[in-house]
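Throughout, a chain's letter reflects where its sequence line sits, starting with A, and its residues are numbered from 1.
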Amino acid sequence: MTQTEPAVAGASLVVELRNLHKSFGALEVLKGISFTAREGQVISLIGSSGSGKSTLLRCINMLEIPDQGDVLIDGEAIALKGSGPHRQIGDENQIRRIRSELGMVFQSFNLWAHMTVLENVMEAPLIVQKRQRSEVEAEARAMLDKVGIGAKADAYPAQLSGGQQQRAAIARALCINPRVMLFDEPTSALDPELEVEVLRVIKLLADEGRTMILVTHDMEFARSVSDRVIFLHQGLIEEEGSPDEVFGATRSARLKQFLNAASHD
Amino acid sequence: MTQTEPAVAGASLVVELRNLHKSFGALEVLKGISFTAREGQVISLIGSSGSGKSTLLRCINMLEIPDQGDVLIDGEAIALKGSGPHRQIGDENQIRRIRSELGMVFQSFNLWAHMTVLENVMEAPLIVQKRQRSEVEAEARAMLDKVGIGAKADAYPAQLSGGQQQRAAIARALCINPRVMLFDEPTSALDPELEVEVLRVIKLLADEGRTMILVTHDMEFARSVSDRVIFLHQGLIEEEGSPDEVFGATRSARLKQFLNAASHD
Amino acid sequence: MLDDIAFWVGYLTNGKHLTWYASFQFTIFAALMGGALAVVFGLTGATLKNSRFLPLRLIGTFYSAIVRGVPDVLFFLFFPLAFEQAVEWVIATQVCSPEAIAAQTAPWPPCREANWFLGTWEYLLLASVSLGLVYGAFASNVIHGAMRSVPQGQLEAARAYGMSARQVLWRVHIRQMWVYALPGLSNVWMLIIKATSLLSLLQIADIVLWADRLGAPNYLPAVGLVHDDWRWRYYLVLFIFYILVTWLSERAFEAIMRRAGRGILSEAQG
Amino acid sequence: MQGLFDDLAIMAPAVLFNIYFAAASIPIGFLLAIFLALGKASSNPLINRLSRGYIYAFRGSPLFIQFFMFYSLALSLNISVWRPLGISGFVLHPLFMGPLVLVLNTAAYTAEIFYGALRAVPRGAIEAARAYGMSRSQQFRRVVWPNLIRLAWPAYTNEVVFLFHATAIVYFALPVVGAQRDLMSTAKNLFERDFNAFLHFPVAALYFLGVSLVIFFLFGLVHKRLMRHLPVPPRLRYAPKWFR
Amino acid sequence: QETVRIATEGAYAPWNFLNDSGEPAGFEIDLGNAICEKAGLTCEWILNDWDSIIPNLLAGNYDLIMAGMSITEERLATIDFTQNYFPPDPSKFVAAPGSEFDFAALSGARIGVQSGTIQAAYAEENLADGNTIVSFATADQNMADLMAGNVDTILADGAYLEPIVTAAGGAIEFVGEEILIGGGVGAGLRKDEAELKTKIDDAITALKADGTVDALIAQWFEGQGPFFSE
Ligand SMILES: Nc1ncnc2c1ncn2[C@@H]1O[C@H](COP(=O)(O)OP(=O)(O)OP(=O)(O)O)[C@@H](O)[C@H]1O
Ligand SMILES: Nc1ncnc2c1ncn2[C@@H]1O[C@H](COP(=O)(O)OP(=O)(O)OP(=O)(O)O)[C@@H](O)[C@H]1O
Ligand SMILES: [Mg+2]
Ligand SMILES: [Mg+2]
């Protein structure tokens with residue numbers, strides 16, 4: 001089912017998923033997913049609701065633990081112990097180190113409400129990576145400027161609009177200087193107007209050559225930003241390829257149907 | 001502004017509104033409304049949201065007390081005392097008697113949640129009209145059969161679908177054997193499928209020759225069921241006449257605009 | 001072995017223990033009576049708070065604020081004593097001659113004739129009233145909130161069908177109010193149950209007093225079984241008793257909730 | 001009038017005992033409650049059952065009984081345990097027993113409040129913390145706790161006020177050492193001397209009310225500070241719900 | 001027949017206690033019943049905690065107190081007493097064997113008393129300096145705390161301690177000297193009850209004269225006395 005992806009010349013493998021399976025109770029959500037992301041690639045995960053996109057993304061940083069299969073970051077397999085639904089993190093230190101290299105941006109932002117925007121951004125570098133405060137602060141402010149909310153550094157999340165909150169969340173993820181950015185429908189909690197601001201920022205990152213894996217419902221956006229598009233269907237990769245292949249020369253009947261429905265939204 | 005309505009031969013005046021005014025605080029919702037309903041007539045109130053349709057309907061049975069103007073039921077004026085916003089019910093006994101002759105059906109049904117459907121229907125005849133239980137029960141069951149939910153007599157409202165609830169509410173209103181039925185958007189809280197059932201029942205009543213005043217957003221329905229249509233705009237009757245006149249030979253520019261918008265829903 | 005069992009059965013069923021068991025009636029009476037009165041005062045307080053007449057509203061607010069602002073024990077002791085004195089004072093104005101008042105050497109009552117004798121049951125009644133008053137303040141808050149939780153449409157429908165204000169209140173408003181009030185009232189009930197442990201402070205020979213007397217060390221064979229301080233065992237029994245009552249009450253409230261919530265609570269439909 | 005001032009003067013030292021009991025038990029009860037709440041939320045069946053059982057038992061029984069029970073229990077252990085340890089006089093002293101039982105009690109009530117708040121902490125905030133590589137203790141300290149305490153604060157304030165009220169029954173159950181008496185015991189003594197129920201009890205009530213208001217005010221200040229991240233900080237309402 | 005309500009504590013054996021049937025029994029109950037019989041009154045016994053026994057008498061919840069209450073000047077200020085029905089009896093200290101006290105200059109001791117007793121008043125006045133006075137609500141509790149070692153010594157009525165020391169079989173012993181306080185035990189009543197007081201007094205006089213009182217003392221105090229007839 002899965003294809004070997006078109007090799008990007010010279011770029012190293014950053015994320016590699018091998019045969020991931022995940023069930024919730026009786027519901028088998030992922031049925032064997034493998035793919036890789038190379039340095040600098042932008043990969044979009046698309047698929048209908050409930051097809052397991054979020055679950056897959058969350059497996060990458062082990063917010064969900066796959067029942068079977070492995071996740072490798074920079075060639076290093078994340079250690080897991082036990083099997084099936086009883087599988088657990090194998091090495092707390094390793095997972096913390098790896099997580100602090102994966103910048104996750106949630107659909108509902110999940111900013112820490114009790115910290116200012118600046119504190120949110122500085123939190124992980126200070127607490128997890130134990131870096132110097134002065135250096136982190138300078139970098140955090142730069143990141144906030146970059147995403148266009150430098151003026152809001154000292155505001156609390158509740159005082160920002162949704163779009164500003166999501167940009168703060170992106171800054172937070174960027175500030176840990178991640179190997180890969182993971183986005184789970186970063187704009188679907190936003191009004192169309194606010195959406196635009198956030199998409200602009202993500203596009204900027206893509207153009208800079210950041211490695212990113214993003215779940216999105218916005219086909220237009222996926223097309224314009226991705227190097228590769230993966231279509232999930234019923235827990236499997238139904239189709240995968242460059243945007244032109246996937247959107248232009250759709251092979252799978254299901255993907256056709258999906259794209260059809262999506263364009264009617 | 002208001003026109004004299006085309007006299008329905010021989011039928012007596014059941015409801016007469018004379019120059020009703022109603023404000024909520026600074027907001028003047030009704031600015032002088034007069035109209036009459038004769039025995040057997042079906043009158044539809046249409047108008048955009050916030051135009052005061054519900055308020056007008058609620059003034060008929062004094063759920064809202066008009067600041068000015070009179071309501072006459074069967075030629076008997078409802079006694080009010082005081083003036084302006086301080087106006088109050090003048091005669092508690094009279095209002096209770098009159099209310100028990102006006103069958104109101106609410107948009108959100110407002111069935112009494114703690115009673116079964118049958119109890120709901122029997123409540124007013126027993127408690128307010130103080131009729132015989134055995135007689136009322138027979139009649140209530142007949143009403144429920146008539147609206148097609150006889151089998152649900154012993155269910156609680158929460159156990160019914162919206163359409164069934166609304167039909168129960170109609171049975172409740174019918175069972176007090178009202179001089180007039182008042183409907184406030186009886187289908188707008190319903191899914192399109194459920195709507196159909198309720199509209200069928202109302203149509204049935206119209207065909208039977210029941211006097212009814214109904215607020216509706218469904219122009220199609222208003223056209224098919226009404227003897228007369230009244231278009232409210234900014235607290236005044238902007239246009240009024242037979243469905244053919246109002247929908248076919250629209251004079252008011254605002255009504256045209258409104259009908260235009262409505263057909264695009 | 002058998003002798004031991006026979007001895008303990010005998011010991012645990014001697015008259016003193018039977019009296020202890022019987023004294024649970026006071027606790028149960030106070031809880032039930034206090035609970036009933038708390039609902040009555042709660043309804044009254046809620047009505048006062050809802051009153052259109054400002055002084056009444058103030059009284060309602062003041063009542064619930066003050067009673068909740070001081071410890072329940074304090075009010076629990078104060079009310080019966082103050083009530084007794086107030087009654088005696090009123091009697092005194094009727095029956096006491098000036099000479100009798102002048103001749104009175106004790107600080108209270110004003111004169112001998114004005115004395116009102118309070119026995120166990122009188123105290124129990126007053127204790128229940130004071131429980132009712134204290135927890136009625138909490139209940140009034142609960143009920144006040146619950147009254148406002150009843151959807152307006154339910155009341156409007158009742159009005160639209162010609163029910164009088166009183167009918168609307170009793171047949172719809174209060175009837176539906178219970179569902180919203182029950183969780184809060186359940187909390188209040190738990191408090192009342194626990195407060196019944198204070199009865200001995202009002203000279204009622206209740207379960208706590210008897211546990212104390214039964215557990216107290218005894219050295220004299222003439223008095224009964226000689227044993228050292230067993231009090232904590234007896235208190236442990238009460239401790240468990242109260243936990244059980246709490247548990248039972250929770251179950252009972254769940255059942256009541258299911259019944260009262262029929263049609264109103266979607267969860268209750270199962 | 002004179003009587004009023006006399007009473008106010010007599011009870012001024014007495015209120016210090018109530019304040020002492022509350023002040024001594026609140027911080028320890030607070031700490032214990034955190035562990036109990038975490039225990040109740042724990043997935044370890046043993047810890048979970050124990051915490052649940054503890055909280056249920058202490059919330060489900062009267063404080064009055066708890067006082068009696070623990071005093072006589074401690075007394076029965078005196079010869080075998082406290083004496084050899086040389087802490088006999090200390091353990092059985094009301095100034096120790098009082099706060100001890102109050103701690104055991106308030107910990108259960110507070111734990112229930114914290115447990116409720118714990119479950120209300122937004123899952124997303126915790127997930128974000130995990131996703132950024134925080135360790136479990138970092139997650140708790142940096143994200144869970146700040147959220148929890150904000151959610152719990154209004155209810156906790158009420159608990160503190162009620163704990164203060166609960167100090168009124170300490171001396172109904174424990175022996176009096178020397179002239180150490182709290183408000184309630186003092187008021188009762190005064191009443192038994194001259195039967196002026198309408199003076200002594202209301203004066204004691206006044207003290208209780210006064211201190212309650214002070215507690216409320218101070219905790220309100222903290223609440224305001226805790227809630228500074230919200231555009232419109234919610235007001236702290238005096239609406240007790242959890243108490244004994 | 002007039003009813004007299006008599007309050008007793010029920011926790012002060014052998015004066016008054018609750019027997020295995022849960023009813024008040026003891027020296028004072030027997031004596032009280034005899035008095036009532038003599039005076040032609042109906043007796044009704046009421047249980048009341050010690051520390052509120054005088055207030056509740058004054059509040060009119062009963063008419064008479066028979067609860068091992070010594071006649072003292074201080075109490076006479078608020079209530080009245082009949083003549084004593086138990087002779088003046090010294091108060092005594094008891095302690096665990098082997099305790100060493102220097103009663104001449106007692107210091108550093110934890111002294112248990114029952115609150116509201118003459119011993120409590122005495123201790124507060126004479127022993128509070130340098131010692132810790134712990135007051136308990138009941139005599140039982142006082143004794144329990146002594147046995148458990150929470151107080152070093154307790155000061156109580158000799159006649160109350162006597163049988164316990166005997167029964168304890170060496171677990172506690174008398175220490176120090178006897179202290180004579182109080183004017184014997186009498187029945188407390190409200191000051192305005194002159195008529196009742198006369199009746200009771202007459203009955204006690206008669207019962208003393210015919211030896212009933214001494215017989216009851218002998219019966220309840222294991223023949224130890226003190227007696228009225230010397
Ligand atoms: N924690 C969970 N427990 C049980 N079922 C879950 C859980 N998380 C997800 N699921 C189920 O797994 C399936 C896939 O969920 P997932 O969130 O991955 O879908 P998705 O592709 O992200 O959909 P959407 O576009 O709606 O976000 C769904 O049926 C969902 O109900
Ligand atoms: N109780 C009230 N207090 C204040 N304003 C009110 C109240 N009831 C209605 N209004 C206002 O009066 C105006 C007319 O309301 P009304 O409900 O009569 O409109 P409507 O024509 O029925 O609209 P819709 O089609 O949305 O039901 C609205 O602006 C509404 O906000
Ligand atoms: Mg998803
Ligand atoms: Mg409307």
Interchain donor-acceptor contacts below 3.5 Å (chain D, chain E):
from: D:Tyr71; atom 1: OH; to: E:Asp145; atom 2: OD2; distance (Å): 2.3
from: D:Tyr71; atom 1: OH; to: E:Asn150; atom 2: ND2; distance (Å): 3.1
from: D:Asn78; atom 1: ND2; to: E:Ala148; atom 2: O; distance (Å): 2.4
from: D:Asn78; atom 1: ND2; to: E:Gly149; atom 2: O; distance (Å): 3.3
from: D:Arg83; atom 1: NH2; to: E:Gly149; atom 2: O; distance (Å): 2.9
from: D:Val176; atom 1: N; to: E:Ser135; atom 2: O; distance (Å): 2.9
from: D:Val176; atom 1: O; to: E:Ser135; atom 2: N; distance (Å): 2.7
from: D:Val176; atom 1: O; to: E:Ser135; atom 2: OG; distance (Å): 3.2
from: D:Gly178; atom 1: N; to: E:Ile133; atom 2: O; distance (Å): 2.6

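- Across every non-hydrogen atom of E:Val134 and D:Pro175, the tightest pair is CG1-CB, 3.7 Å.
- Contacts between E:Ala123 and chain D at a heavy-atom distance below 4.5 Å are absent for every atom of the residue.
- Counting non-hydrogen atoms of neighbouring residues, nucleotides and ligands closer than 6.0 angstrom, the CZ atom of D:Phe35 reaches no more than 12 such neighbours.
- Chain E forms the most heavy-atom pairs under 4.5 Å with one residue out of D:Leu174, D:Leu75, D:Leu92, D:Val91, and that residue is D:Leu75.
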